[in-house]
Amino acid sequence: MKKKLLFAALALLLAAVVGLIGYDALTGRTQTTDFFAMDTTVSVRLTGCVKPETAEQIKAMVRHLDTDLLSRTSEGSEIAAVNRAHGGTVGEQTAAWLQTLKELEEISGHAFTADLGALTGLWGIGTENERVPDRDEIQAALAHTKKWSINGRTVTVENGAALDLGAVGKGIACDEINAIVRQTKAKKVIAAVGGSVLLYAKNPKETFRVGIRDPRGEANDYAAVLTVGSCCISTSGSYERVFTAPDGKTYHHIFDPSNGFPAQSGLLSVTVLCDSGLLSDALSTACFVLGCEKSEELLKAYDAKAVFITEENKIITAGDLAGRLEITADQYTLVEESQ
Amino acid sequence: MKMLIKPLDLVLIAALLLAGGGLWLARSRAQAGVTAVVLVGGEEVRRIDLTKVEAPYEIELNTTPAVTLTVEPGAVSVSKAACRDKLCVKAGRLTKANDSAVCLPARVTVRLIGKTDPGGVDAAVY
């Protein structure tokens, strides 16, 4: 009798081991998809019992966002059509994004401005036509900005201005990827649309380690590492897409809507975390323009957290990030913001 | 007396346990070390186990603009690129899981995959 029990126990144990290995092999599997869209590289890592079609669905969705809705340069996009006609009707999705941005523009005192297209076109940073425009040209380009409006699905843009959602398209893509994966059995998702990242874990206790690029280092060097749970996270930095003028001065691509020049707020980069990719993208741009101190209220209004890296090599946190940031490059010192 | 467990059963149990253990070992072994994945236009064209590289060599990618990779023991880098900004070359040597170098004009992505080591990261923002 004893032997029978022993045998049963052994058989059970064996079944459990084999079952666990099988379960782990099935649900612990990670599928990685890489593709190009929105002028950048998109990488999606899905862990769990996820159908391969999900990756295809994500790819098609991001390309659709880019070509049909958001791109300024894709002729068939809603934004391009509105810019050509100085207004028009957009779809429900685009209208919702634009309304969110309009509100953020007002709350941020126009530190983020969606109709800077004429200005970015004038500087052309990152294109073959990059140059330093003269002040008259900049004033002329600024004259028609901050004047776009949205009412329901009807958008108006001034003649001489253009909507440019380049700063937030990647975050919007993160949000849409999030919506797709939440309907699957994914246990864990890491999606990077360029430098905008979506992190999702079904288990609320699970955390991710996110490297914040060292603004003074190479592309794979990190100034600090953040440990965070599910969120969207974006960085705006003055080291990305720079242009060195014939006079030797360097200009970056994040413009201050108040003067039309690359923003100078004492920062090298700002990283913003919140629930929405659209907001983390727009807020990181606005905070970069505002600088560390003036960003505080804006971040609070959106319940967002941030990490600022200053020109004096200080790393300053905003929102509750106590104990979740680890400095990994010697030259920086951590200053935890008093809350 | 009738034997409840016959010698053959014991052999079977042992074999199954061994197979299970082997599978587990293979899975954990497969995650150690880094592998370079080279993608052109999002399609995988090469996969190189960097732990098995003994001597450095170059790979010419047939892209426009042309991109040359240098593969070394435990590292890979974009050594030459005919693009304008050379951001991919500036990415330097990739050595850790999740390091990457991208040449947008040539649509080339080089990414290291493997188990994230304790000091490594799951994702990067820039």
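We name chains A, B, ... by the order of the sequence lines, and we start the count at 1 in each one.
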Once you round to the nearest 0.5 Å, how far does OH of Y126(B) lie from OG of S196(A)?
8.5 Å

Check the pair R241(A) / L87(B) against side chain to side chain contact (heavy atoms under 4.5 Å, CB included), numbers first and verdict last.
CA-CA 10 Å; R241(A) 270 208 272 155; L87(B) 283 176; over 6 Å; no

Kindly indicate, with the supporting measurements, whether the criterion side chain to side chain contact (heavy atoms under 4.5 Å, CB included) is fulfilled by R45(A) and N98(B).
CA-CA 11 Å; R45(A) 269 174 281 165; N98(B) 299 329; 3.3 Å; yes

Surrounding CD of E54(B) (heavy atoms of other residues, nucleotides or ligands, distance under 6.0 Å), is the total greater than 12?
no

Which one of A101(B), G120(B), A19(B) has the most heavy-atom pairs closer than 4.5 Å to chain A?
G120(B)

Could you check which of S43(A), S236(A), S269(A), G237(A) has the highest count of heavy-atom pairs closer than 4.5 Å to chain B?
S43(A)

Between OG of S77(B) and CG of N220(A), what distance do you get to the nearest 0.5 Å?
11.5 Å

Where does I190(A) contact chain B at under 4.5 Å (heavy atoms): side chain, backbone, both or neither?
side chain

Counting heavy atoms not belonging to D330(A), are there more than 12 under 6.0 Å from its CG?
no

Using modelled atom types and a 3.5 Å cut-off, is there a donor and acceptor pairing between side-chain atoms of R107(B) and backbone atoms of F35(A)?
no

Check each atom of L39(B) against the heavy atoms of chain A and say whether the ones under 4.5 Å are side chain, backbone, both or neither.
side chain

Give a yes or no on whether the backbone of A124(B) and the side-chain of Y222(A) come within a donor-acceptor separation of less than 3.5 Å.
no

Looking at D122(B) and F208(A), would you say the former's side chain and the latter's main chain have a donor-acceptor pair under 3.5 Å?
no

Does CG belonging to D9(B) count more than 12 external heavy atoms closer than 6.0 Å?
yes

More than 12 non-hydrogen atoms from neighbouring residues, nucleotides or ligands closer than 6.0 Å to NZ on K96(B), yes or no?
yes

Region of D39(A) that comes under 4.5 Å of a non-hydrogen atom in chain B
backbone

Between V210(A) and V121(B), is there a side-chain heavy-atom distance shorter than 4.5 Å?
no

Check the pair R213(A) / V125(B) against side chain to side chain contact (heavy atoms under 4.5 Å, CB included), numbers first and verdict last.
CA-CA 6 Å; R213(A) 159 93 186 259; V125(B) 283; over 6 Å; no

Counting heavy-atom pairs under 4.5 Å to chain A, which of G41(B), S100(B), G92(B), A123(B) comes out on top?
A123(B)

Minimum heavy-atom distance between R84(B) and E128(A), given as atom pair plus value:
NH2-N, 4.2 Å

Residue pair A91(B) / A219(A): nearest heavy atoms and the distance that separates them
CA-CB, 3.8 Å

Chain A heavy atoms under 4.5 Å from V89(B): which part of the residue, side chain, backbone, both or neither?
neither

Under 4.5 Å from any heavy atom of chain A - which part of L94(B):
side chain

Tell me, for R93(B) versus chain A, whether the close heavy atoms (under 4.5 Å) come from the side chain, the backbone, both or neither.
neither

